[in-house]
Chemist: 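Here it is: the structure, laid out below.
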Amino acid sequence: MALQEKAVIETKKVTYVYNPQFFRKGVTEQELEKYCDIADYESGGKVIQVFMGRGRTYLVNDPEGRRVIIRHYYRGGMMAKLLNDKFLSFSSTAERSVQEYDLLLRMRAMGLHVPTPILARVTRSGLFIRNDIITKEITGARNVGKILSERPMTDAEILKMGDAIGTLFRAGIYHSDLNINNLLLDGADNPWICDFDKCEMIKITPKRYNEMVSRLKRSFDKESEEHAGMMWTDKDFDKLVRAIEIVFKEKY
Ligand SMILES: Nc1ncnc2c1ncn2[C@@H]1O[C@H](COP(=O)(O)OP(=O)(O)OP(=O)(O)O)[C@@H](O)[C@H]1O
Ligand SMILES: [Mg+2]
């Protein structure tokens with residue numbers, strides 16, 4: 001991992017892991033705190049777009065005029081009601097924003113099409129930990145869910161997206177939430193993959209492969225059920241899977 005892509009400021013309450021390429025030398029804890037502060041972006045009219053998922057993900061103009069994505073981490077499943085955004089500090093995955101930051105750096109070093117990490121923040125209070133991550137916007141990116149609500153994807157786009165997913169698998173990345181809205185096409189029609197919370201580098205066994213592809217299929221089906229007029233068919237999904245397999249399974 002290149003050193004210049006990771007620096008740390010740590011106090012008793014907060015850890016900031018940040019990418020020095022995005023900050024002045026000697027940046028302070030107060031400046032990083034402000035950099036993460038959604039209320040500050042809101043009051044300054046710097047919020048460009050809000051994506052509604054488990055929580056809210058913000059696309060904002062940072063103080064240097066760069067477009068960056070800010071995501072707070074929320075619990076999913078059974079724990080969501082009980083713990084909302086709190087992670088138990090003794091869990092091995094409590095500092096998940098730092099884990100995602102590190103994984104993004106590793107994946108970028110491997111040439112994978114994933115966002116550049118800018119900052120991970122871990123905030124401790126008693127037994128609990130809260131997390132935030134900031135990444136650089138992929139210029140002109142739109143998620144596949146949004147695209148398909150407006151137009152079908154071309155065969156070339158489906159092929160490129162399958163190629164990107166297959167390359168990810170081949171590199172040994174397990175994506176724990178591979179879904180339609182974590183697949184992006186940028187302004188030049190290049191495919192990207194985002195949202196690497198709880199993802200890991202691990203051998204992609206047939207079981208893990210099937211889990212990821214089934215989850216992806218379920219998400220396309222769910223989106224089609226919920227939004228009439230989604231321009232996506234089972235045939236398109238078959239094309240996507242064939243494209244994934246060309247890259248991933250040629251290894252065997
Ligand atoms: N680096 C990025 N560049 C451009 N757009 C992004 C980037 N990261 C995220 N997005 C957009 O924001 C949306 C939500 O981001 P993300 O998937 O990371 O969070 P989420 O889905 O809300 O999280 P969760 O899965 O926990 O609900 C994505 O679907 C994508 O449209
Ligand atoms: Mg997502």
Side-chain angles (χ1 to χ4, degrees), residues 5 18-19 21-22 35-36 38 41 46-62 65-81 83-87 93-101 103-105 107-108 112-121 129-150 153 157 161 164-165 168 173-200 212 215-216 218-220 222-223 226-227 230 232:
E5 289 177 319
Y18 66 95
N19 188 334
Q21 292 166 11
F22 286 79
Y35 197 82
C36 297
I38 295 295
Y41 290 104
K46 300 290 184 189
V47 175
I48 303 164
Q49 197 177 344
V50 184
F51 298 92
M52 302 298 292
R54 199 175 296 168
R56 288 163 180 228
T57 301
Y58 292 82
L59 170 61
V60 305
N61 259 314
D62 82 357
R66 295 168 302 207
R67 291 160 63 104
V68 307
I69 296 270
I70 306 183
R71 170 159 49 89
H72 188 68
Y73 289 62
Y74 288 92
R75 305 296 305 236
M78 302 268 288
M79 289 301 185
K81 273 212 171 82
L83 292 174
N84 187 29
D85 66 343
K86 300 196 286 291
F87 297 88
T93 55
E95 301 198 350
R96 49 188 58 211
S97 57
V98 175
Q99 289 163 353
E100 184 169 351
Y101 185 106
L103 184 62
L104 286 171
L105 278 190
M107 292 191 291
R108 288 197 59 87
L112 299 173
H113 274 208
V114 301
T116 302
I118 296 178
L119 186 146
R121 176 171 70 171
I129 286 186
R130 291 183 172 82
N131 285 268
D132 303 273
I133 193 161
I134 304 185
T135 60
K136 185 166 173 284
E137 184 204 23
I138 293 156
T139 309
R142 294 180 343 121
N143 63 53
V144 165
K146 176 84 182 123
I147 292 170
L148 293 176
S149 70
E150 295 170 2
M153 278 169 77
E157 287 170 340
M161 188 55 79
I165 298 170
L168 190 82
I173 307 297
Y174 181 80
H175 198 305
S176 56
D177 191 18
L178 195 64
N179 70 45
I180 185 168
N181 291 318
N182 292 335
L183 306 178
L184 316 174
L185 282 180
D186 69 16
D189 258 3
N190 295 309
W192 296 82
I193 301 168
C194 73
D195 199 357
F196 287 89
D197 181 20
K198 282 187 298 176
C199 300
E200 57 187 323
M212 290 190 283
R215 177 181 282 266
L216 189 56
R218 285 199 303 277
S219 97
F220 274 98
K222 185 161 172 263
E223 197 81 3
E226 287 174 3
H227 303 281
M230 262 265 299
W232 183 256

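Numbering of ligands and ligand atoms starts at 1, following listing order. On a predicted model such as this, the values are computed, not experimentally measured, just so you know.
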Chemist: Measuring from atom NZ of Lys46 to atom CG of Leu59, what distance do you get when rounded to the nearest 0.5 angstrom?
Modeler: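 Result: 13.0 Å between the selected atoms.
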Chemist: I'd like to check which ligand 1 atoms, numbered from 1 as shown, lie under 4.0 Å from a non-hydrogen atom of Asn181.
Modeler: 28 (C), 29 (O)
Chemist: Nearest to atom 14 (C) of ligand 1, what protein heavy atom do you find, and at what distance?
Modeler: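 Ranking protein heavy atoms by distance from atom 14 (C) of ligand 1, first comes Thr57 OG1, 3.8 Å.
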Chemist: Check this for me: Arg56, atom CZ, are more than 12 non-hydrogen atoms of other residues, nucleotides or ligands nearer than 6.0 Å?
Modeler: no
Chemist: Return yes if some donor-acceptor pair links the side-chain N/O of Ser97 with the main-chain N/O of Ile133 below 3.5 Å, else return no.
Modeler: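 No; judged by distance alone, with no hydrogens or angles, the pair does not exist.
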Chemist: Take atom CE in Met78; do more than 12 heavy atoms of anything else shown fall under 6.0 Å from it?
Modeler: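 Atom CE in Met78 is not crowded, with 12 or fewer foreign heavy atoms closer than 6.0 Å.
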Chemist: Hey, is the main chain of Ala94 close enough, under 3.5 Å, to the side chain of Asn131 for a donor-acceptor pair?
Modeler: yes
Chemist: Using a strict 4.0 Å cut-off to heavy atoms of Pro115, name the atoms of ligand 1 that fall inside it.
Modeler: 1 (N)
Chemist: With a 4.0 Å heavy-atom cut-off (strictly under), which part of Asp197 contacts ligand 1: side chain, backbone, both or neither?
Modeler: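 For Asp197, there is no contact with ligand 1 at all, from either part.
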Chemist: Quick one: which of Met52, Gln49, Arg54 has a heavy atom closest to atom 27 (O) of ligand 1?
Modeler: Arg54
Chemist: For atom 1 (N) of ligand 1, grab the closest protein heavy atom and report residue, atom and distance to one decimal in Å.
Modeler: Lys136 O, 3.1 Å
Chemist: Relative to the heavy atoms of Glu137, which atoms of ligand 1 are at a distance of less than 4.0 Å?
Modeler: 3 (N), 4 (C)
Chemist: Quick one: nearest non-hydrogen protein atom to atom 30 (C) of ligand 1, plus distance?
Modeler: Leu184 CD2, 3.6 Å
Chemist: Side chains of His72 and Asp85: is there a donor and an acceptor less than 3.5 Å apart?
Modeler: yes
Chemist: Do the rings of Phe220 and Trp232 sit parallel, tilted or perpendicular, given the 30° and 60° boundaries?
Modeler: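 It falls in the parallel class, under 30°.
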Chemist: Should the ring pair Tyr35 and Tyr41 be called parallel, tilted or perpendicular, given that the plane angle runs from 0 to 90° and is split at 30 and 60?
Modeler: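 If you compare the ring of Tyr35 with that of Tyr41, the planes turn out perpendicular.
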Chemist: Going from CD1 on Ile193 to CG on Leu112, what distance comes out if it is rounded to the nearest 0.5 angstrom?
Modeler: 8.0 Å
Chemist: With a 4.0 Å heavy-atom cut-off (strictly under), which part of Asp177 contacts ligand 1: side chain, backbone, both or neither?
Modeler: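 The answer is the side chain.
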Chemist: Rounding to 10°, state the angle centred on the Mg ion (ligand 2) that links OD1 in Asn182 with OD2 in Asp195.
Modeler: 90°
Chemist: Considering only non-hydrogen protein atoms, determine which one is nearest to atom 31 (O) of ligand 1 and report residue, atom name and distance to 0.1 Å.
Modeler: Asn143 ND2, 2.9 Å
Chemist: With heavy-atom distances below 4.0 Å as the criterion, list the atoms of ligand 1 near Arg71.
Modeler: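 Going through ligand 1 atom by atom, the ones under 4.0 Å from Arg71 are 16 (P), 18 (O), 19 (O), 23 (O).
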Chemist: Find all atoms of ligand 1 within a distance of less than 4.0 Å from any non-hydrogen atom belonging to Thr135, and give their numbers and elements.
Modeler: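 Answer for ligand 1: 1 (N).
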Chemist: What protein heavy atom sits nearest atom 3 (N) of ligand 1, and how far off is it?
Modeler: Ile138 N, 2.9 Å
Chemist: Report the member of Ile69, Ile133, Thr116 with the shortest heavy-atom distance to atom 2 (C) of ligand 1.
Modeler: Ile69
Chemist: Looking only at protein heavy atoms, which one is nearest to atom 21 (O) of ligand 1, and how far off is it?
Modeler: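 Closest protein heavy atom to atom 21 (O) of ligand 1: Asp195 OD2, 3.3 Å.
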Chemist: Between Lys146 and Glu150, is there a salt bridge with N-O shorter than 4.0 Å?
Modeler: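 Looking at Glu150 and Lys146, the cut-off is met.
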